[in-house]
Amino acid sequence: MTVTHEVLNQAPPLTGFSAADDPTLLAALRREGAEWGEREVQVLGALAGSAEVQELARMAEEQPPKLHTHDRYGHRVDEVEFHPAWHELMTVAVEQGLHAAPWAENRPGGHLVRAAKFYVWSQAEPGHGCPISMTYAAVPALRASPALAAEYEPLLAARTYDFGLRPPLAKAGLIAGMSMTEKQGGSDVRANTTRAVPTGDADGTYRITGHKWFTSAPMSDVFLTLAQTEEGLTCFLLPRVLPDGTRNRFHLMRLKDKLGNRSNASSEVEYDEAVAWPVGEPGRGVRTIVEMVNMTRLDCVLGSAAGMRAGLRQALHHTAHRRAFGRELADQPLMRSVLADLAIESEAATTLGLRLAAAVDRAQAGDAAEGALRRLALAAGKYWVCKRGATHAAEALECLGGNGYVEESGMPRLYREAPLLSIWEGSGNVAALDVLRALAKEPAGLEAYFAEVEAAAGADPRLDAAVARLKAMLPELADPERAQLLARTLAERLTLVLQGALLVRHSDPAVADAFCASRLGGEWGHAFGTLPAGADLGAVLARARVKSPTGVAG
């Protein structure tokens with residue numbers, strides 16, 4: 001065969017790096033007294049960057065789960081078959097404690113270490129992070145019923161991935177899901193029509209009948225779900241298999257054909273007098289389950305930050321090896337500006353996500369102000385960071401040009417995943433309105449927010465001016481209709497000011513200066529790559545680059 005060309009000017013495969021090679025990540029662990037977990041994070045980060053795990057991620061995505069409603073004889077089985085790669089990824093996540101382990105281990109900084117692990121491991125394959133995140137988030141909601149928590153929490157926190165439909169309390173470890181939304185209501189869960197009727201049995205069970213429109217990870221062992229009772233909307237714990245070993249009447253109608261998140265199964269579920277136990281006070285189901293929602297929102301922020309870091313890494317790697325117009329792309333001034341802008345956005349998202357995780361630790365230790373700060377900043381951060389995730393993924397993909405538009409690059413998977421995190425647990429408007437609710441219900445949150453921001457007072461005049469503008473905006477919220485129109489702007493400003501304050505205090509001066517000049521000072525356009533002329537691009541990029549065993553990998 002005649003050789004017509006040889007392959008030149010293409011980037012080599014990006015493998016053998018550590019997703020934990022991230023100064024922002026490691027500094028946060030040390031700053032918050034969680035350096036005890038650094039070694040574990042480093043080990044997991046190296047595994048995430050390995051060729052073997054990248055291949056598992058590819059197979060889990062390209063071989064999506066399959067629904068089996070009946071067996072060969074016609075019996076209902078309602079099972080979902082996953083590629084073995086999915087189970088390998090889940091095994092690592094559970095054994096590393098990315099699920100509910102911090103609630104049981106109760107170590108100082110435990111939630112931050114868990115967040116750091118979730119951040120690095122999500123960069124390998126984000127789809128399986130959904131059931132991992134829900135298992136983490138289920139525990140605080142389940143604690144509204146101490147008797148149920150005493151039985152199920154140790155298994156939810158166990159570091160054993162025990163897949164298969166068996167009675168939950170007979171398993172070595174459990175995975176939890178959440179099933180709230182219905183086709184007529186979506187995020188308006190109070191519009192749910194699913195009904196729950198008490199059986200009158202001594203075990204306190206109810207029978208639930210209804211249709212859930214979107215239930216992720218339907219092969220989980222137990223679910224927190226909402227149903228209407230005589231007292232109103234109530235939260236329930238619903239197992240897939242009953243204590244006697246029979247299948248609960250939890251029927252899988254179909255799996256969703258989704259834009260992204262393909263490795264993870266999402267389904268429509270029919271409850272046909274399914275057995276469940278009430279969790280929390282009857283009629284207060286939203287209040288009970290909201291803590292689960294908040295915890296999964298934290299993982300939305302962390303997942304978006306992880307996606308940004310993964311996209312940035314690919315863009316840095318490609319442009320460092322691709323030549324155009326006589327030199328490497330990474331040395332072209334305009335590309336340097338784009339890459340640096342992506343790096344700044346990535347670091348701001350990571351810094352905020354880890355700060356919110358640290359607030360969980362502090363709140364668990366009894367710091368009420370940290371709890372209030374988390375609730376407000378998490379609603380705002382979920383809105384803004386997850387919105388930025390999709391824009392960041394598009395720009396990072398464009399850095400690879402046509403090479404990034406093909407599936408083999410991995411960038412389309414990243415691009416398809418990004419919008420999910422903005423939609424999951426309340427899309428943009430829901431998150432922005434939750435900022436208004438947090439301000440109205442818990443004024444201490446705003447006090448804690450400004451205490452955090454003003455710790456950086458005087459460090460940068462652009463930050464100080466942005467704080468002043470934010471405060472001047474608050475009186476406009478007194479008018480409820482005006483407040484709704486301002487909700488998105490408010491959430492954006494709250495997040496940008498907090499990110500700026502954190503970067504000024506904790507990041508490299510070049511990153512903080514460029515962030516404040518662009519995001520707070522107005523020296524920025526409407527797309528990445530429009531940083532002010534005085535930004536120290538070299539310092540920003542040097543901080544962002546990752547290492548491979550053979551040297552710099554982009």
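Quick note: residue numbers are just sequence positions, from 1. The structure presented is a predicted model; accordingly, all values stated were derived computationally and were not measured.
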Q: State whether a side-chain donor-acceptor pair under 3.5 Å links Arg488 with Asn429.
A: yes
Q) Are a donor atom and an acceptor atom from the side chains of Ser263 and Glu125 found within less than 3.5 Å of each other? A) yes
(Q) Does either side chain, that of Asp361 or that of His111, offer a donor lying less than 3.5 Å from an acceptor on the other one? (A) no
Q) Is a side-chain donor or acceptor of Lys258 paired with a backbone partner of Asn261 at a separation under 3.5 angstrom? A) yes
Q. If we ignore angles and hydrogens, is there a donor and acceptor under 3.5 Å between the side chains of Asp162 and Thr160?
A. no
Q: Would you check if there is a donor-acceptor pair between the side chains of Lys256 and Ser267 at a distance under 3.5 Å?
A: no
Q: Examine the side chains of Tyr119 and Thr350 and answer whether a donor and an acceptor come within less than 3.5 Å of each other.
A: yes
Q. Would Arg159 and Glu105 pass as an ion pair if we require N to O under 4.0 Å?
A. yes
Q: Check the side chains of Ser216 and Ser266 for a donor-acceptor pair under 3.5 angstrom, ignoring hydrogens and angles.
A: yes
Q) How about His99 and Tyr161: are their ring centres within less than 6.0 Å of each other? A) no
Q) Will you find, in the side chains of Asn192 and Thr194, an N or O donor that is under 3.5 Å from an N or O acceptor? A) no
(Q) Between Arg254 and Glu270, does any NZ, NE, NH1 or NH2 come within less than 4.0 Å of an OD or OE carboxylate oxygen? (A) no
Q. Is the distance between the ring centroids of Tyr271 and His211 less than 6.0 Å?
A. no
Q: Decide if the gap between the ring center of Phe250 and the ring center of Phe223 is smaller than 6.0 angstrom.
A: yes
Q. Without hydrogens or angle criteria, can the side chains of Arg114 and Gln96 be said to hold a donor-acceptor pair below 3.5 Å?
A. no
Q.
Could you go through Met180 and Val293, starting from their C-alpha distance and side-chain angles, then the distance that decides it, and tell me whether this counts as side chain to side chain contact (heavy atoms under 4.5 Å, CB included)?
A. CA-CA 10 Å; Met180 295 194 300; Val293 172; 3.8 Å; yes
